[in-house]
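To start, the structure under review is shown below, and the notes come after it.
Lettering follows sequence order; numbering is per chain, from 1. Keep in mind it's a predicted model, so treat the numbers as computed, not measured.
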Amino acid sequence: MKRQTSTMTRRDFLQFAGETAAVSAGVLLTGCAQTSMQSSTKPGGSSLRAIDIHHHYFAPELIDEIKQHGKALGGIEYFPPKQAKDNPYQIQFPKGRRFAPDPRMAEVPNRLDAMTKGNVGIAMVEVHTASVGYELDGARGETWSNIYNEAIMNLVKRHPDRFAGIATVPMQDPPRAAKVLEHAMVNLKMSGVTIASNVVGKYFDSKDFDPFWKKVEELDVLMIMHPEWVAGADKMDPFSLRSICGNPADTTLSVAYMMYTGVFDRFPNLKLALLHGGGYIPYHLGRLDQGKAGASGSSAIPAKYPPSKYLKNLYFDNLVYRVETVEYLKRMVGADHVMVGTDYPFDLGDWMAAEKIQTMNCTESEREAMMHGNARKLLRIG
Amino acid sequence: MGNEFAAISRRDFLKVTAKSAVFSSAFLTGCATMATDGSKKTARAIDIHHHYFPAELINEIKQHGKSLGIEYLPSKGEAPSLSFGKGNRTGVDPEIMDVDKRLEVMRDGRVAIATAESQPSAQGYPLDGKQGEAWSRLYNEGIHNLVKRYPQRFVGMATVPMQDPVRAASVLEHAIRELKFSGVTIGSNVNGKYFDGKEFDPFWKKAEELDVLMIMHPDSILGSDKMGAYSLRTVCGNPADTTLSVGFMIYSGVFDRFPKLKLGLLHGGGFFPYHLGRFDQGFKRSGGREPFPASQPPSRYLKNLYFDNLVYRVDTVEYLKRVVGADHVLVGTDYPYTLGDWMSVEKIEQMNCTESEREAMLHGNARKLLKLSTM
C-alpha cells in the first residue's frame with residue numbers, strides 16, 4: 001500500500017510549521033526556505049514533518065572541554081589524531097574503552113541535509129551513548145552531564161526549528177541524576193532524557209534507581225533507552241555484531257529486568273521509549289509473559305503483571321528497516337506507541353526511517369501519530 | 001480464523017495412518033488411545049523442538065563416568081546433576097527422562113510425532129574429541145531405543161561432538177545411515193566458540209552431503225553471567241544467542257561455501273525474523289571496513305533457514321510466516337521445559353493462513369525435511 005504524498009508548497013509548510021510553538025521566526029524562515037526548495041525540486045516528495053527520536057550528537061565544544069579540563073572532569077582522555085584521517089581523535093573515559101567518535105557525530109550541515117532527505121522535521125538531540133560517562137564518580141558525572149546538556153542546547157538554540165534537546169544524566173548516582181534531570185527540564189528547557197541500558201554492567205533491577213524514577217515520574221518526562229555496555233560484547237566484535245545483534249539484545253535484557261523487578265509497579269506513570277524497534281521485546285513478548293507465568297517459588301518474579309501489561313509504559317522507535325516489521329510492531333504495541341527513529345549518524349541506522357511509516361499499511365491518523373503526533377505529545381513539542 | 005477440525009473416527013484415523021510406512025503394533029495402541037480420549041482434533045503435527053535424556057545413560061555414567069569424562073553428582077532433590085569435563089554442572093530433571101507423561105502431553109498438544117533431541121547442556125561439548133564422540137554415540141543409542149519403542153511417535157535427532165568437527169561428521173554419518181536418524185542437533189556455539197571459523201567445514205560438508213536438517217539449540221549463552229536472575233538466561237539469552245550464532249554463520253560465508261545446508265532455528269529463530277532488516281543493513285554497510293565474506297545480505301539466506309513457531313502468540317506466528325514463508329515454519333514446543341509452549345500447535349490452528357499453508361506448517365514441511373513418509 002503506497003501512500004499518496006504531495007509536494008508541499010512553501011505556504012503549506014509555513015502553515016504547518018506555524019503550528020509549532022517553540023519557534024523563533026527568523027530561524028524558521030531560513031530553514032523553511034531551504035527545505036521548501038529541496039522538496040519542490042523533488043516531484044512527489046513528501047512533507048517534511050517527522051520527528052526523529054533516535055538521533056545522536058557529540059558537540060565539538062566538548063572536545064575542547066576534554067582537551068583543556070579532561071583531568072578535572074575525572075580523567076577523560078583525549079588522544080590527538082595519528083594518521084587515520086577518518087578518525088581525527090579518540091576519547092577514553094576512565095576504565096572505559098578508547099573510541100573514536102564518528103566525525104559526523106559533531107557535524108551539523110550534513111545532518112540537516114540528511115534530515116531533510118529523510119523527511120525529518122525535528123530531531124531529538126541525544127548523547128553519543130559511549131560518551132555518557134557513567135564510569136565517572138557521581139560528582140564528576142554530574143558535571144559532565146551538565147556540560148553535555150548545555151552543548152546540546154547550544155545546537156538547539158541555533159536551530160530551534162529543527163532540533164529539541166534530550167538530557168543525559170549521571171545514572172551511576174541516581175539522586176544526582178534526578179537533580180541533573182530537573183535542571184535540564186526546568187532551566188534548560190530540554191524535552192526528555194536518555195538512559196543507557198545499564199550502568200557499566202549494572203542493570204536496573206534494584207531499588208537504587210528509585211530516586212531517579214521518582215523524579216522522572218514527577219516531571220512526567222519521556223525516557224529514551226539506548227544500549228551500551230552490551231552483555232557479552234567482548235565476543236561480538238567481528239562483523240559489527242556488537243551493534244547489529246548486541247544492541248537489540250541488551251535493550252531487551254534491560255527492560256526485562258525493569259518489568260520483572262516491578263519498576264513499573266512502583267512507578268506506574270513512567271514512560272520509556274525503546275530504540276532499535278524495542279530490541280526484540282515486540283517479537284518475544286509472549287516468551288517474556290511465559291517467563292513470568294512459569295516462575296514460582298524461589299525464582300518467582302516480583303512484578304505484579306506479565307510484561308505485556310506494561311506495554312502501556314513503553315514506546316518504540318521504528319528502526320527495523322522493513323515496512324512489514326513496522327506493521328507488525330504497530331500491531332503489537334499500537335500506533336500510539338510507535339515513533340520515528342533513524343540512529344543518525346550511524347551507517348547501521350536508517351536515515352530513511354520515516355519512509356517506512358509513509359509507505360506502511362495503516363490509517364492516515366495512525367500515520368500522523370507515528371510520524372510526529374506521538375512525539376509531540378510525549379516530548380511536549382508545540 | 002479458527003481452523004475446522006472434525007472429530008476423527010477410529011476407522012478414518014486408521015485409514016489415514018495406514019498410508020504411513022513406519023507402522024507397528026505399538027502404533028495401534030497409541031492410535032486407540034487417541035481415538036478414545038474424546039479429543040476433537042487430530043494429532044498430526046510434528047514437533048521439531050522436543051528434548052529427551054535417556055534414563056539408561058545415568059547408569060552408564062554411574063558405572064563408566066570416569067572413562068567418559070563425566071561426573072555424576074547425586075542431589076538431595078529429585079534431579080541429579082552431571083559435569084562434563086571441565087564444564088559447569090547441569091541438572092537432569094526427571095521430566096526429561098520420562099516417557100509416559102511425554103506421550104500424554106503430546107496427545108493433549110495434538111503432536112503426532114516429536115523429534116527426540118538431546119538436552120542442550122548435556123551434549124558434552126566440554127569433553128575432548130574422543131570422549132565427546134563416545135558420549136554422542138551413547139546418547140544417540142539412547143534416543144534410538146526410544147524411537148524403537150515408539151516408532152510412530154518419535155524420530156531421532158543425533159547429537160554430535162561439535163568440539164571436534166571431523167568426529168562430528170563421522171558420528172552424524174553413523175546416526176543417519178545406521179540408526180536411521182532424521183536430523184542433527186547442534187549448539188549455538190561450542191563452549192563459547194561460534195561457527196565463523198573454517199574448522200567446522202568438515203561437518204557442514206557432511207551435513208550437506210547427507211542432506212540432513214540441522215537444528216540449532218542455544219547453550220553456553222554469551223553474556224549469561226549478567227542474566228542470572230529471573231531465568232533471563234533462557235527468557236532473553238536463548239533467543240539472543242541463536243541470533244548471534246546465525247549472524248556469525250551467515251556473515252562469515254558458511255552458506256556460501258555450503259549452499260544446500262538446512263538449518264532449523266528454535267524459539268522462533270531467536271530474534272532473527274524481527275531484525276532481518278538490521279542484519280541486511282549491517283551487511284550493506286560493511287564495505288567501508290573489512291568486507292564480510294558472505295556474498296549476499298542475510299535475507300538471501302532465508303532459503304537455508306527454517307523456524308519453529310515457539311513464540312506463544314498467534315500474531316507473532318503470523319508475522320513469522322509473513323517474513324520467512326509458510327514453507328519455512330514448523331511446530332516447536334520445547335517439551336519438557338515449562339518455558340516452552342506445549343500447545344504450540346494451537347497457534348498454527350488458529351492463525352490466519354490458507355489450509356495448505358497450515359498443513360505445511362503443522363507437518364508437511366517437517367515430513368519433507370526429516371524425510372518421513374507422507375500421510
Query - Aromatic ring proximity, centroids under 6.0 angstrom, A:Y280 and B:Y274 - result: no
Query - Main-chain N/O of B:A229 paired to A:Y260 side chain as donor or acceptor, under 3.5 Å - result: no
Report summary line: Honestly, the part of B:S252 sitting under 4.5 Å from a heavy atom of chain A is both
Query raised in the report: Hey, is NZ on B:K303 packed in by over 12 heavy atoms from elsewhere, all under 6.0 Å?
Result: yes
Query raised in the report: Minimum heavy-atom separation for A:L288 to B:C236, with atom names?
Result: CD2-SG, 4.4 Å
Query raised in the report: What is the minimum heavy-atom distance between B:K226 and A:Y257, and which atoms define it?
Result: O-OH, 2.6 Å
Query raised in the report: When rounded to the nearest 0.5 angstrom, what distance separates CE in B:M227 from OH in A:Y203?
Result: 7.0 Å
Report summary line: One option among B:V311, B:D315, B:T243 has the most heavy-atom pairs under 4.5 Å with chain A, and it is B:D315
Report task. Between chain A and each of B:D225, B:L276, B:L232, B:V323, count heavy-atom pairs under 4.5 Å; write down the option with the most. Result -> B:L232
Report summary line: In terms of heavy-atom pairs under 4.5 Å with chain A, the winner among B:D341, B:T234, B:N189 is B:T234
Query raised in the report: Does OH in A:Y305 sit with more than 12 non-hydrogen atoms of other residues, nucleotides or ligands closer than 6.0 Å?
Result: no
Query raised in the report: About how many Å separate OH of B:Y312 and OG of A:S308, when rounded to the nearest 0.5 Å?
Result: 13.5 Å
Query raised in the report: Does NZ in B:K198 sit with more than 12 non-hydrogen atoms of other residues, nucleotides or ligands closer than 6.0 Å?
Result: no
Query raised in the report: Would you say A:Y328 and B:T316 make side-chain contact, with heavy atoms under 4.5 Å?
Result: yes
Query raised in the report: Looking only at heavy atoms, which two atoms of A:P238 and B:F248 are closest? And how far apart?
Result: CG-CE2, 3.7 Å
Requested in this report: Sort A:R287 into side chain, backbone, both or neither according to what part of it lies under 4.5 angstrom from a heavy atom of chain B.
Outcome: both
Query - Contacting moiety of A:A249, where chain B heavy atoms sit under 4.5 Å - result: both
Report summary line: Correct closest heavy-atom pair for B:G192 and A:K235 would be O-NZ, 3.7 Å
Query raised in the report: When rounded to the nearest 0.5 angstrom, what distance separates CG in A:L319 from NE2 in B:H275?
Result: 8.0 Å
Query - Side-chain touch B:S299/A:R322, heavy atoms, less than 4.5 angstrom - result: yes
Report task. Mark yes when over 12 heavy atoms from residues, nucleotides or ligands other than B:R300 sit less than 6.0 Å from its CZ; otherwise mark no. Result -> no
Query - A:H284 NE2 to B:F271 CZ distance, which is reported to the nearest 0.5 Å - result: 8.5 Å
Report summary line: One should read off an interatomic distance between B:Y251 OH and A:I244 CD1, to the nearest 0.5 angstrom, of 3.5 Å
Query raised in the report: More than 12 non-hydrogen atoms from neighbouring residues, nucleotides or ligands closer than 6.0 Å to CZ on B:R257, yes or no?
Result: yes
Report task. Look only at the side chain of A:Q290 and the backbone of B:T338, and say whether a donor-acceptor pair between them is shorter than 3.5 Å. Result -> yes
Report task. Taking side-chain hydrogen bond (donor to acceptor under 3.5 Å, both in side chains) as the test, write out the residues that go with B:N304, two or more places apart. Result -> none
Query raised in the report: What option among A:D250, A:V230, A:I301 has the most heavy-atom pairs under 4.5 Å with chain B?
Result: A:I301
Query - Under 3.5 Å donor-acceptor, B:R322 side chain and A:T325 backbone - result: no
Query raised in the report: Roughly how far apart are B:R285 CZ and A:S240 OG, rounded to 0.5 Å?
Result: 12.0 Å
Query - Flag, side chain of B:R278 to backbone of A:S243, donor-acceptor distance under 3.5 Å - result: yes
**Report entry** Other residues, nucleotides, ligands: >12 heavy atoms within 6.0 Å of A:D237 CG
**Finding:** yes
Report summary line: Ranked by heavy-atom pairs below 4.5 Å to chain A, first place among B:G268, B:P293, B:P239, B:G247 goes to B:P239
Requested in this report: Specify which of A:G291, A:G246, A:G279 makes the most heavy-atom pairs with chain B at under 4.5 Å.
Outcome: A:G279
Query raised in the report: Given a strict heavy-atom distance threshold of 4.5 Å, which part of B:D196 is in contact with chain A: side chain, backbone, both, or neither?
Result: side chain
**Report entry** Which portion of A:A233 sits near chain B, non-hydrogen atoms under 4.5 angstrom
**Finding:** neither
Query raised in the report: Taking side chain as C-beta onward, heavy atoms only, is A:F239 less than 4.5 Å from B:I250?
Result: no
